[in-house]
Trainee: 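My structure is below; once you've seen it, I'll send some questions.
Values below: every heavy atom of this structure, side chains too, minus hydrogens, waters and symmetry copies. Predicted model only: the values in this text are computed from it and were never measured.
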Amino acid sequence: MDSQGQTTSLQRLQNVEKRIIKVLELAGGVMDELASSTGPRKDVVQNHCLEFMQLIKDIQVALRDEIKSACEYRPFEKCDYGSRIANEICHKKLEFVLSQLDGMKQTVDEYHAAI
């Protein structure tokens, strides 16, 4: 964590990974309990299941937040490159049109001079 107490996206995803590992351990614990020769202890299975469901919910929320955050990230949002290029293209087009109009004016002037 940095000095401001904020976590990076990578750190948050690492925390999600740790939760996923815990979920798998809980599932394994329930399977062990169900396979026990003395029979499953209801309280242990119930506690594991409750913790499992809470962790799944936390994982879903964390991943949804990360996806939302990634979708909101726009590194070139304040870049004016596109508008500058569009203006430059328009400028070149106007220069071309002006040169064509100058050529037409010269042709008209030469026509009038010849008459």
Trainee: Going by the side-chain hydrogen bond (donor to acceptor under 3.5 Å, both in side chains) test, which pairs reach into residues 105-115, not counting sequence neighbours?
Mentor: K105-D109, Q106-E110
Trainee: Can you tell me how far apart CG (N47) and NZ (K42) are? Round to the nearest 0.5 Å.
Mentor: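 One gets 11.5 Å once the value is rounded to the nearest 0.5 Å.
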Trainee: So, taking the atom named CD1 in I56 and the one named CE in M53, what distance separates them when rounded to the nearest 0.5 Å?
Mentor: 7.0 Å
Trainee: Show me the side-chain donor-acceptor pairs of residues 20-36 shorter than 3.5 Å, one per line, residues at least two apart or across chains.
Mentor:
{"unit_1": "E33", "atom_1": "OE1", "unit_2": "R41", "atom_2": "NH2", "d": "3.0"}
{"unit_1": "E33", "atom_1": "OE2", "unit_2": "R41", "atom_2": "N", "d": "2.9"}
{"unit_1": "E33", "atom_1": "OE2", "unit_2": "R41", "atom_2": "NE", "d": "2.9"}
{"unit_1": "S36", "atom_1": "OG", "unit_2": "T38", "atom_2": "N", "d": "3.3"}
{"unit_1": "S36", "atom_1": "OG", "unit_2": "T38", "atom_2": "OG1", "d": "3.0"}

Trainee: According to the salt bridge (charged side-chain N to carboxylate O under 4.0 Å, His left out) rule, which pairs have a member within residues 52-63, sequence neighbours left out?
Mentor: none
Trainee: Could you tell me the separation between the CZ atom of R19 and the CG atom of L13, rounded to the nearest 0.5 Å?
Mentor: 10.5 Å
Trainee: Could you state the interatomic distance from OG (S83) to CD (E88), rounded to the nearest 0.5 Å?
Mentor: 11.5 Å
Trainee: Should side-chain heavy atoms under 4.5 Å link Ile, Leu, Val, Met, Phe, Trp and Tyr, which residues sit in the same cluster as Y81?
Mentor: I85, I89
Trainee: Should side-chain heavy atoms under 4.5 Å link Ile, Leu, Val, Met, Phe, Trp and Tyr, which residues sit in the same cluster as I67?
Mentor: none
Trainee: Linking directly or through intermediates, with side-chain heavy atoms under 4.5 Å: list the remaining ILVMFWY members grouped with L50, chain and number order.
Mentor: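 Besides L50, the cluster holds no residue at all.
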